[in-house]
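Step one of this worksheet: look at the structure below.
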Amino acid sequence: QVQLVESGGGSVQVGGSLRLSCAGPKFIDSSYCLGWFRQAPGKEREGIATIDSDNWASYADSVKGRFTISQDNAKNTLYLEMNSLKPEDTAMYYCAADSTPVCILSALRPSDFGYWGQGTQVTVSS
């Protein structure tokens, strides 16, 4: 059972920054895909960034240039650095993981990931 634990959410003002963390086990598979998703009330869960075992990252257009996904293999931790936050970034943020040969955000759906964290709330106020 893969357990993922997010942290780092909170409340910030427009233009502020937050860094989310996702602690998980060491992935022994040669290829894996890690991702960050978010879900606002009344909306579907959307993917915002993915990163693979080769550190190749992909982003949703809505966060490109503002958010950065990264991983620290020594700490088995996934990060999401969020800058220039906007009110529309307000949502519950989830990290996800799975073994998949394709780790391109535009080609993936939430159902492609079998392992999820419990979520951490991000609220951006104006």
Side-chain angles (χ1 to χ4, degrees):
Q1 182 79 15
V2 175
Q3 289 188 323
L4 304 176
V5 180
E6 300 101 335
S7 61
S11 297
V12 295
Q13 292 189 324
V14 170
S17 300
L18 282 173
R19 188 176 79 158
L20 306 183
S21 300
C22 172
K26 181 177 178 64
F27 287 92
I28 61 175
D29 292 335
S30 60
S31 64
Y32 60 81
C33 184
L34 307 176
W36 286 100
F37 292 75
R38 66 186 180 188
Q39 188 166 18
K43 294 188 177 181
E44 293 186 352
R45 189 168 297 190
E46 63 168 341
I48 55 176
T50 56
I51 190 167
D52 68 10
S53 52
D54 294 321
N55 276 324
W56 194 91
S58 57
Y59 298 91
D61 288 342
S62 59
V63 305
K64 199 172 294 183
R66 299 187 299 123
F67 291 10
T68 302
I69 189 171
S70 63
Q71 60 184 324
D72 185 331
N73 292 328
K75 296 182 179 180
N76 300 330
T77 301
L78 175 70
Y79 300 102
L80 184 69
E81 187 75 36
M82 304 186 295
N83 298 312
S84 302
L85 284 162
K86 305 175 181 179
E88 51 263 44
D89 294 319
T90 295
M92 186 71 79
Y93 283 69
Y94 300 89
C95 62
D98 214 317
S99 298
T100 172
V102 178
C103 192
I104 302 173
L105 183 60
S106 59
L108 296 170
R109 295 166 295 181
S111 58
D112 292 313
F113 290 83
Y115 306 103
W116 292 86
Q118 81 288 352
T120 186
Q121 178 68 37
V122 172
T123 303
V124 184
S125 57
S126 56

(request) Check step by step if side chain to side chain contact (heavy atoms under 4.5 Å, CB included) holds for Met82 and Leu20. (result) CA-CA 8 Å; Met82 304 186 295; Leu20 306 183; 3.8 Å; yes
(request) Go through Asp98 and Cys33 one step at a time and tell me if the side chain to side chain contact (heavy atoms under 4.5 Å, CB included) criterion holds. (result) CA-CA 6 Å; Asp98 214 317; Cys33 184; 5.8 Å; no
(message) Surrounding CD of Gln13 (heavy atoms of other residues, nucleotides or ligands, distance under 6.0 Å), is the total greater than 12?
(response) no
(message) Checking ring pair (Phe, Tyr, Trp, His ring centres under 6.0 Å) between Phe37 and each of Tyr94, Tyr93, Phe113, which is the one that passes?
(response) Phe113
(request) Look at the side-chain heavy atoms of Ile, Leu, Val, Met, Phe, Trp and Tyr, link any pair under 4.5 Å apart, and say whether Tyr32 and Ile69 land in one connected group. (result) yes
(message) Would you say Trp36 ends up clustered with Val12 if hydrophobic residues are merged whenever their side chains have heavy atoms under 4.5 Å apart, either directly or through other cluster members?
(response) yes
(request) Sequence neighbours left out, what passes salt bridge (Lys or Arg N to Asp or Glu O under 4.0 Å) with Arg66? Give chain and number order. (result) Asp89
(request) Return the minimal non-hydrogen interatomic distance between Glu6 and Gly119, and the atom names on each side. (result) OE1-N, 2.8 Å
(message) For the SG atom of Cys95 and the CD atom of Gln118, what is their distance to the nearest 0.5 Å?
(response) 7.5 Å
(request) Determine, using the 4.5 Å side-chain heavy-atom cutoff (strictly less than), whether Val14 and Val63 are members of one ILVMFWY cluster. (result) yes
Donor-acceptor contacts under 3.5 Å from residues 44-52 side chains, at least two apart:
unit_1 : atom_1 : unit_2 : atom_2 : d
Arg45  : NE     : Gln39  : OE1    : 3.2
Arg45  : NH2    : Gln39  : OE1    : 3.3
Glu46  : OE2    : Arg38  : NE     : 2.7
Glu46  : OE2    : Arg38  : NH2    : 3.3
Thr50  : OG1    : Ser58  : OG     : 2.6
Asp52  : OD1    : Asp54  : N      : 2.9
Asp52  : OD1    : Asn55  : N      : 3.1
Asp52  : OD1    : Trp56  : N      : 2.8

(message) Could you report the tightest heavy-atom contact between Pro87 and Ser126, atom names first, then the distance?
(response) CG-CB, 4.5 Å
(request) Determine yes or no for a side-chain-to-main-chain donor-acceptor pair under 3.5 angstrom, with Thr77 supplying the side chain and Ala23 the backbone. (result) no
(message) On a heavy-atom basis, which atom in Ala60 and which in Leu105 lie closest, and how many Å separate them?
(response) N-CD2, 3.2 Å
(message) Does Val122 form a side chain to side chain contact (heavy atoms under 4.5 Å, CB included) with Leu18? I'd like the steps, not just the answer.
(response) CA-CA 9 Å; Val122 172; Leu18 282 173; 3.9 Å; yes
(request) Indicate if Trp116 and Tyr79 have the same hydrophobic cluster label, given that clusters are the connected sets of ILVMFWY residues with side-chain heavy-atom separations under 4.5 angstrom. (result) no
(request) Could you list the residues that satisfy salt bridge (Lys or Arg N to Asp or Glu O under 4.0 Å) with Lys86, not counting sequence neighbours? (result) none
(request) Mind listing the closest non-hydrogen atom pair of Leu78 and Ser70 along with its distance? (result) CD1-O, 3.3 Å
